[in-house]
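Have a look at the structure below before the remarks.
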There are 2 protein chains.
Amino acid sequence: MPDTPETQEKDRGKEQPRRRQARGERRIAQLLEAAASVFCSSGYAAASTNAIAREAGVSPGTLYQFFPNKEAIAIELGDRLMHEMRETYGAALAPVDPATPLADAVGAVVDRFIAFTTEHPVFFALMKGPDTPGRMAEEHDALHSTLVTRIEELLGSLLPDASAADLTRMAHVCLGIHKAGLELVLTHEGAEREAYVREVKDVLIRYLEPLAGARPGTPDERSAPEA
Amino acid sequence: MPDTPETQEKDRGKEQPRRRQARGERRIAQLLEAAASVFCSSGYAAASTNAIAREAGVSPGTLYQFFPNKEAIAIELGDRLMHEMRETYGAALAPVDPATPLADAVGAVVDRFIAFTTEHPVFFALMKGPDTPGRMAEEHDALHSTLVTRIEELLGSLLPDASAADLTRMAHVCLGIHKAGLELVLTHEGAEREAYVREVKDVLIRYLEPLAGARPGTPDERSAPEA
DNA sequence: CCAGAATGCGAGCGACTACTCGCGTTTGTC
DNA sequence: GACAAACGCGAGTAGTCGCTCGCATTCTGG
C-alpha cells in the first residue's frame, strides 16, 4: 500500500517544515545572525559551515538539524532580507509621482537603499561576490530586473521619445552608479559617509538632469559642491 | 664554514631564479595563459592549481617546478599585466595638458583603460574579487592610489579652491564610476558595448563639467543622447 | 508521568585542496 | 658521448571542507 499517510507526507510537501519548538526557532535566528556575520567578513564561498556553527556557539550537527546544506542558509538569509526590504521600503520601488522634482526622487530612493544596506551589510556582501550559489544569484537577478524595470518606467516618463534599448541602457547605468556609490559609502563613516552620499546623488542627478529638459521642479535646489 | 658559495647563494638572493631553458620560459608563458583563463572564469580563490595545470596540459608537479605556490602565479600574472599596462598606456597616467578640453581628456583616458581591460579580461577579474591574496591586494591598492592621485591632480587644476579632502572624494567617485562602467561595458558586445562606453563618458563628463565652470574648450561637443 | 519527537553533540566520512617527492626524460656543455 | 642540470610526471601527503550518524538530552501532547 503506497498510500500510507507517511508516504503521502513525503511525496506531497516537498520539504515539509518539521514541527519546530520555540527553542528551534531561536536557534535558527541565532544561526542566521552568525551566518550574516561570517558571510559579511569572509564572503559566501570562504565562509565555512563549521565557522558559522562556532560563531553561533553550537555544533556542526546542530546547524544541519535546521538547514539541509550551506546554500540553504544563504537562501533563507536572502529571503528574510528581501522580505524585510519589500516590507520596509516597498514604497521606494513604486512608480514615482511625475510631479516630484527629479532631485527629490533620486535623493529619496538613494537614501532609502543606503539606509537599508548600512543596516544590513550582509545584503551587499551576498550580492557583490561572484561566489554566490545558484538560487541566490537568481534572487539577485530578480531584484536587479525589478529595479531596472522601475528605473525604465521613471526614465520613460521623462523621455517619451527614447527607444526601449536606450532606456534599458540608462537604467543599467543608473544602477551601476548606485552600486559603485554604495561601495564607497560603506567604506566611510560619519561626516565623510554623508559627503559620499551627497556625491552619489549628484552624479545621478547630473547624469539624468540634461535628459529631463524643461520640466517642473526646482532644478537649482540640488546640493552644491563645497568648492 | 657557513660561507660556502652554496650557502651564500641561498642566503643572498632570496629567491634566485634558477637557470631556465627556452622550454621552461615557454612553459611559464603557457601556464600563465592557462591561469589567466581559469582565473577569468572562476576567480582566484575558486581556481585550483590542478585545473590550471590541466588547462595548460601539464601535470601538477610541472606547475610547481616554475611557481612556488598558487599566489605566486597570480602575482607574476599581475606583474606582467602591470608592466604591459605601464608600457602601453603610461601616457594615460601622465598629468594632462590643462589646455585639453575636459570631454577629450576624459574620453581618452576611459578609452585607453577600456581597451586594455577588454584585451586582458583577467586584469579586471583579479582586481574585482575580494578573494585576491595578500601581495595581489597590495598591487591593486598601489594602482588605485596612483590613479586617485592622478585624478586629484587633474581636479586640482580645475578647482584650485577645493580642499584636499574634497578632491580625494571626487577622485574616488570618478574611479568608482569608471569601475562600474567597466563592468557594464564588459558584459556587452559590439554596438551595445560602444553605446555603454559613450554612456560612461557622459556620466563622468556631466559629473565633472559643472565643477570646471568657465573653461576653454568645446563643452557642446560632448556626445548627445539619442533621444 | 511517560512515549515520542525535537534538539544537541562531536567524532568521523568522503571529496577536494595546495603542494611534494622520487624517478625517468630531455637538453645544454665540455 | 658523458655528465649535470633542467624538465616532466602523477601518485601521494596533510589539511580543510561540507556534511552525516549514532547517541544523549530536553521538551511536549495525551
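These values consider heavy atoms only, across backbone and side chains, with no hydrogens, waters or symmetry-generated copies. If you're wondering where the values come from, they're calculated on a predicted model, not measured in any experiment. Residue numbering restarts at 1 for every chain, and letters A, B, ... go by the order of the sequence lines.
- Counting only heavy atoms from C-beta on, B:Y64 has its side chain closest to C:dA18 among D:dC7, C:dG8, C:dA18.
- Straight-line distance from the NZ atom of A:K70 to the P atom of D:dT20: 15 Å, rounded to whole Å.
- Per the geometry, CD belonging to A:E25 stands 16 Å off P belonging to D:dC27, to the nearest Å.
- A close approach under 4.0 Å does not occur between any side-chain nitrogen or oxygen of A:T49 and OP1 or OP2 of D:dC19.
- For B:R26 and D:dC7, the shortest distance from a side-chain N or O to OP1 or OP2 is not below 4.0 Å.
- B:G61 comes within 4.0 angstrom of a nucleotide base, judged by non-hydrogen atoms across all strands.
- Nucleotide C:dG8 holds its P atom 9 Å from the CG atom of A:L31, rounded to whole Å.
- For the pair B:K70 and B:Y44, the cation-pi criterion (under 6.0 Å, within 45° of the ring axis) is fulfilled.
- The distance between atom CZ of A:F67 and atom P of D:dC19, rounded to the nearest whole Å, is 13 Å.
- To the nearest angstrom, P of D:dC19 lies 17 Å from CZ of A:F66.
- We find that B:E183 and B:K128 are joined by a salt bridge, their nearest charged nitrogen and carboxylate oxygen being less than 4.0 Å apart.
- Regarding A:Q65, its CD atom lies at a distance of 13 Å from the P atom of D:dC21, rounded to whole Å.
- Using a 4.0 Å heavy-atom criterion, one finds that B:A72 contacts no nucleic acid atom at all.
- Picking from C:dT20, C:dC9, C:dG8 the nucleotide with the shortest atom distance to the side chain of A:R27 gives C:dG8.
- The side chain of B:T62 lies closest to D:dC9, out of C:dT27, D:dC9, D:dG29.
- Counting to the nearest Å, the P atom of D:dC7 and the CG atom of B:L63 are 13 Å from each other.
- In terms of modelled atom types and a separation under 3.5 Å, the side chain of A:T88 and the main chain of A:M85 share no donor-acceptor contact.
- Each of B:G24 and A:S48 was matched to the nucleotide of DNA chain D holding its nearest heavy atom; the match closer to the 5' end belongs to B:G24.
- Residues B:R23 and B:P60 each lie close to DNA chain C; by heavy-atom proximity, the contact nearer the 5' end of the strand is made by B:P60.
- Between the P atom of C:dT7 and the CD atom of A:Q30 lies a distance of 13 Å, rounded to the nearest Å.
- If you check C:dT29, C:dT7, D:dG18 against the side chain of B:R19, the one that comes closest is C:dT29.
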(message) What verdict does the side chain to side chain contact (heavy atoms under 4.5 Å, CB included) test give for A:I73 and A:L63, after you've listed the backbone C-alpha separation in whole Å, the side-chain angles of each residue and the deciding distance to 0.1 Å?
(response) CA-CA 9 Å; A:I73 305 173; A:L63 185 151; 3.7 Å; yes

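- No contact: A:A45 has no heavy atom under 4.0 Å from any strand.
- Using a 30° and 60° split on the angle between ring planes, A:Y196 and B:H172 fall in the perpendicular class, above 60°.
- A:N69 comes within 4.0 angstrom of sugar-phosphate atoms only, judged by non-hydrogen atoms across all strands, and of no base.
- The nucleotide whose nearest atom lies closest to any side-chain atom of A:Q21 is, among D:dC9, D:dT28, D:dG18, D:dT28.
- Salt bridge A:E76/A:R80: present, at least one basic N to carboxylate O contact under 4.0 Å.
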